[in-house]
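Have a look at the structure below before the remarks.
We use all heavy atoms of the structure for the numbers below, so side chains are in, but hydrogens, waters and symmetry mates are not. The structure presented is a predicted model; accordingly, all values stated were derived computationally and were not measured. The residues of the chain are indexed from 1 along the displayed sequence.
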Amino acid sequence: MSEQQPPRRLTRKELLRRNKKIAKRRQQRLTAIVVALTAFMVYITGLYGTSLAYLGDFVSSGLVYLQFGNGFPVQLQNQTYKQSEKMGSALCVLDSEKLSFYSPTGDLAHSYYHSMQNPVISTSDKRVAIYNANDTSLKIANAGNILFSQEMQNDIIHASLSANNSVAVTTKSQSYNGEVKVFDGQMQEKLTWLSAKSFPLQSFLSPRANTLAVSCISAKDGRAVNEVYVIDTATGQEKFIYNNGENIMLAAEFVKEESLILFFTDKAVCLDITAETEDTTVVCQYSYNGKDLLAYDIKNSQIVMALGDYDGAEDTDIAITDLSLAETFRTNINQHITSVVIASQRIYTLGAETVSQYTTEGVLVSQQQVKNNIKDIVDYNGCVAVFSDSLEKIDKAKIEKQ
């Protein structure tokens, strides 16, 4: 009886050939899964009405996963960087000429040339709104197609998407100080809110688009005053108005349909939007203690804020709170922070040439020097650093055992 020969080691060329076959079979299986799920979606929804658009969102999101790249870093074409946002399975990168969608492995899944002078984007889980600031053009896209193109009657000041793909568009007005139009996921107009008393600056929708928050500015007694109108989108009724004096609202975040967190230049305020009277709307607030809000992120029932000075002074507080604005951590660092991100159970902060990592409890884990052409950091399957010429992953640092 002859002895069994040991298996022959594959050559490098044979290994590459085998790995390509494995990758091809894996992609074929994923394609089959997407096709099967698409067929199921067609069956249960029917190819009519709103089903087509939502089916397109579902398919385009799945196809992004099928775009296999070579990983990060990813080289960018030399255009002027504008903005980057996560959109479900895709990373949206906006520059002066186009809006590009990247897959989790760094492949360029799709690009759209927008032809806008001042493009701005707002994303939901499956869609992106791209609009021309101080002009009338608005487009709604997913990772594969332009779904809707809309020319507003007046110049757009701000636009935002809700979780259910409804759109709030703040514009100038010919007869009023400004107006906000709310569209559903099929770009059917559901509400027009007209402002005769003040000038609308921004508008935000709750996840199911039941409530609209509009930040407005007006002049009273010779000084500017910021007021936030909270509006029922079904009736158009103004539920209440929150007045924060001269301090301007920078952003708003809905916590489900029950509460609304407003980020001002001097403090954050949590409002109960189910309250019956205006006196009971303020649930809690968090003071920045004389500092300005430079950046924030909200994720997994946690809020992180960078608090410093708008003049660029290298003196920033990193503050962490829960959704009730109760502070759990605050520390001062000798950097001017321009961006903060919560990603993969880490908090990332961007300084002039440094990205720092903290645990979600505020413990400093690492600091990494980066190129001086860094533009931003974004949560996309971890933390991605956006440079003027590339996208690069920031490796998650391990916590050293004491």
S137 and M116, any side-chain heavy atoms less than 4.5 Å apart: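 Contact flag for M116/S137 side chains = yes.
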Carboxylate-amine/guanidinium proximity below 4.0 Å for E227 and K197: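 So E227 does not pair with K197 through a salt bridge.
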Within 45° of the axis and under 6.0 Å from the centre of the six-membered ring of F387, does NZ or CZ of K371 qualify?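 Geometry flag: set, cation within 6.0 Å and 45°.
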Strictly by ring-ring contact (aromatic ring centres under 6.0 Å, His included), give each pair with a member in residues 283-342 just once, sequence neighbours left out.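 Listed by first then second residue: F263-Y296.
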What ring-ring contact (aromatic ring centres under 6.0 Å, His included) pairs are there with at least one residue in residues 149-185, not counting sequence neighbours?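 Output for this query lists H158-F204.
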Looking only at the side chains, is there a donor atom on one of [X] and [Y] sitting less than 3.5 Å from an acceptor on the other?
{"X": "S198", "Y": "N177", "result": "no"}
{"X": "E179", "Y": "S195", "result": "no"}
{"X": "T354", "Y": "Q367", "result": "no"}
{"X": "T316", "Y": "Q335", "result": "no"}

Just wondering, are more than 12 heavy atoms of other shown residues or ligands nearer than 6.0 Å to CD in Q75?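 Yes.
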Can you tell me if NZ on K299 sees more than 12 non-hydrogen neighbours from other groups inside 6.0 Å?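 Buried by this count: over 12 neighbours within 6.0 Å.
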Taking side-chain hydrogen bond (donor to acceptor under 3.5 Å, both in side chains) as the definition, give me every residue that meets it alongside K190, ordered by chain and number, with sequence neighbours left out.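 Counting only residues at least two positions away or on another chain, K190 forms no side-chain hydrogen bond (donor to acceptor under 3.5 Å, both in side chains).
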What pairs with Q302 under side-chain contact (heavy atoms from CB on, under 4.5 Å), at least two apart in sequence or on another chain?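 By the side-chain contact (heavy atoms from CB on, under 4.5 Å) rule, Q302 matches I320, I342, T360.
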Could you name each residue pair satisfying side-chain hydrogen bond (donor to acceptor under 3.5 Å, both in side chains) that touches residues 230-241, not counting sequence neighbours?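 Found W193-E238.
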Partners meeting salt bridge (charged side-chain N to carboxylate O under 4.0 Å, His left out) with K98 (sequence neighbours left out):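 So K98 forms a salt bridge (charged side-chain N to carboxylate O under 4.0 Å, His left out) with D95.
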How many angstroms lie between CG in L325 and CD in Q285, if you round to the nearest 0.5 Å?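 With rounding to 0.5 Å, CG (L325) is 9.0 Å from CD (Q285).
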